[in-house]
Amino acid sequence: MRAIALIDGNNFYASCEQSINPQLRKKPLVILSNNDGCIIARSSEARTLKIEMGIPYFKIKKKLDQLGVVVLSSNYSLYGDISKRLMNLLRSHCEKIEIYSIDEAFVSISKPHDNNLYPWARELRTLIYQNLGITITIGIGENKVNAKLANRLAKSINSSAGIFDLTTINKRSDYLKKIRVENIWGVGNQTSKWLKSKGIKNAQELKDMCQYELKKKLGVVGQRIQMELKGYQCLPIEEIKSTKKEIQVSRSFGKPITKLEDLKQALAIYSIRASEKMRIQNLQTSSITVFARTSHYSNSIYQKSAHKKLIEATSNTNIILKIVLELSKDIYHPEYKFAKAGVLMQNLTQSNYFQRSLGNYTSIEDLKKGEVLIKTIDSINRKFKTGAITWGITQRSLEWKMNKNLLSDTSTTDIKKIPIIII
Amino acid sequence: MGRFLRNLYIPLLSGSVSAGFPSPADDYVEDNIDLNEYLIKNPFSTFFLRVKGDSMVDSGIQNDDLIVVDKSLTPKLGSIVIAMIDGEFTVKRLARKNDELYLKSENHDYPDLSFKNHYDIQIWGVVIYSIHHLG
């Protein structure tokens with residue numbers, strides 16, 4: 001018998017910060033989104049103080065000061081590194097793993113003879129805490145939907161100590177009744193509204209619902225959720241994610257942009273990053289979109305995008321930059337203050353299936369030269385540091401750069417910023 | 001693991017080739033010395049920290065050294081450990097006196113720390129290497 005577990009890190013971003021900085025331990029701590037906008041993570045101590053998620057920082061700053069809450073900008077290079085370590089440790093202790101998000105993974109495990117997975121789960125929890133200093137929650141079910149559900153139960157039931165196995169529960173309906181439909185994995189906003197209008201409020205009721213009515217309205221997707229609630233396995237563990245359909249790089253600015261030069265610079269930096277991302281995954285684009293918009297809180301709201309289809313797919317930064325800079329003129333408007341912009345690469349294809357178009361303009365020689373140059377730049381950047389070699393446009397001072405006033409600035413990946421220990 | 005695989009290769013053997021003749025050593029160049037491989041046994045639980053201070057000089061850890069810490073190891077008697085004491089990191093040797101564990105400084109000018117006197121004490125990891133720059 002096999003089971004599926006959903007494993008996630010508790011208060012992941014806050015735990016990463018606390019794990020490498022002892023001064024933050026046992027303290028209420030919140031992490032702000034990019035640009036120090038909203039609260040996106042809280043330590044358990046901050047949760048206890050009833051500080052809510054998603055609140056804009058400026059609205060709650062005073063209260064946080066009064067309560068002595070530590071406030072940090074998000075430090076994604078740290079969270080990314082700890083996440084990688086976590087996933088690799090999980091991989092070496094489970095049979096199959098599907099990384100679901102930065103702090104969540106589905107894993108597959110076979111059950112021991114006595115069906116008791118608690119010893120395995122306890123050991124794994126201890127191991128992750130010792131190795132990384134973060135606490136995980138483990139929910140076990142027959143399938144993904146039930147594993148998610150079990151994980152939720154593990155968090156809400158105090159006596160569970162972070163582990164809940166739904167497969168060994170005697171009276172399952174007691175627990176399924178505790179889960180509201182909108183909290184079931186795969187049930188979105190619209191679906192839960194419809195379900196509630198039909199009188200279906202919790203997981204048990206969805207499980208028992210007439211399958212024909214469910215299928216008629218929600219199709220196979222709804223039926224799958226119900227089947228999984230009943231204990232069948234419909235959704236496999238996906239070890240390798242199917243290739244991405246599009247790559248987007250967009251950010252909001254620290255200060256609004258009004259000059260075309262600044263907009264061009266921002267879009268250039270995002271294009272360089274997007275091109276790198278494509279090359280890492282061996283992808284090429286044949287459809288480039290740039291977009292920019294004003295703030296949602298602005299008096300005069302404006303947004304515009306511009307688009308170009310390419311005859312030949314590419315991941316060459318030089319070619320992409322030229323197009324993006326051209327397109328940025330189309331979306332710029334001198335009367336508006338831009339708060340956010342981005343680039344979007346679509347129609348992605350694998351680079352190995354390289355198609356030459358009939359009416360192409362670049363000679364094969366030039367194409368090869370361009371490719372060699374980009375490959376060289378990539379390998380130099382890999383060896384030294386991202387940005388060791390870059391394009392001139394990025395070098396002008398960045399007046400609009402993201403605010404990260406409260407960055408902890410500690411790193412586990414950059415030797416210049418590793419924790420300092422006074423002895 | 002990407003970062004750990006970004007290895008620094010130092011050729012084990014290298015010979016300059018004089019024109020016309022291949023180096024007789026060419027067939028013997030097999031591999032490179034990989035310091036990451038040498039210093040890091042458990043890449044997912046290994047962290048680097050920078051030391052400031054001289055309370056551990058007798059153990060060989062000096063001011064400004066880079067220390068390599070493996071969190072997966074269980075500390076043994078005599079291990080040099082990173083301990084968290086009341087919200088601060090420190091480096092000490094795990095020692096025992098009269099059946100009681102304590103944290104020993106490796107410098108006569110510094111006091112030892114007993115587990116009893118501290119409310120919040122936890123071993124964070126075991127120091128496996130100290131990298132010292134000789135200038």
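First the proteins, then the strands, lettered A, B, ... as listed; each starts at 1. All values below come from the heavy atoms of this structure, side chains included, with hydrogens, waters and symmetry mates left out.
The two residues A:Asn131 and B:Ser72 have their closest heavy-atom pair at OD1-CB, 2.9 Å. Pairing each heavy atom of A:Pro419 with each of B:Phe48, the nearest pair is CD-O, 3.7 Å.
With rounding to the nearest 0.5 angstrom, the CZ atom of B:Phe89 is 7.5 Å from the CG atom of A:Asn21. Note that OG of B:Ser45 and CG of A:Asn88 are 11.0 Å apart. Values are rounded to the nearest 0.5 Å. Distance check, rounded to the nearest 0.5 Å: CZ of B:Arg50 to CD1 of A:Ile420 gives 8.0 Å. Separating the CD1 atom in B:Ile67 from the CD1 atom in A:Ile423 is a distance of 7.0 Å, to the nearest 0.5 Å.
There is no contact between A:Ser92 and chain B, counting heavy-atom distances below 4.5 Å. Using a 4.5 Å cut-off between heavy atoms, B:Thr74 contacts chain A through both its backbone and its side chain. For a residue to count as touching a neighbouring chain, one of its non-hydrogen atoms must lie under 4.5 Å from one of that chain's; by this rule B:Met56 touches chain A with backbone and side chain alike. Contacts of B:Asp54 with chain A are made by backbone atoms alone, with heavy-atom separations under 4.5 Å and no side-chain atom involved. Of the atoms belonging to B:Ile123, not a single heavy atom falls under 4.5 Å from chain A. Heavy-atom distances place the side chain of A:Lys26, and not its backbone, under 4.5 Å from chain B.
Taking A:Ile421, A:Leu127, A:Ile20 one by one and counting their heavy-atom pairs under 4.5 Å with chain B, the maximum is reached by A:Ile421.
Residues A:Ile418 and B:Leu66 have side chains in contact (heavy-atom distance under 4.5 Å, counting atoms from C-beta outward).
Within 6.0 Å of CD in B:Gln62 there are more than 12 heavy atoms belonging to other residues, nucleotides or ligands. Residue A:Lys375 qualifies as open at atom NZ: its count of foreign heavy atoms under 6.0 Å is 12 or below.
Although no hydrogens or angles enter the test, the distance criterion places a donor-acceptor pair under 3.5 Å between the side chain of A:Gln130 and the main chain of B:Lys71. At least one donor-acceptor pair under 3.5 Å links the side chain of A:Arg85 to the backbone N or O of B:Thr46.
In this structure, A:Arg91 is not positioned above the aromatic face of B:Phe44 in the sense of NZ or CZ being under 6.0 Å from the six-membered ring centre and within 45° of the axis.
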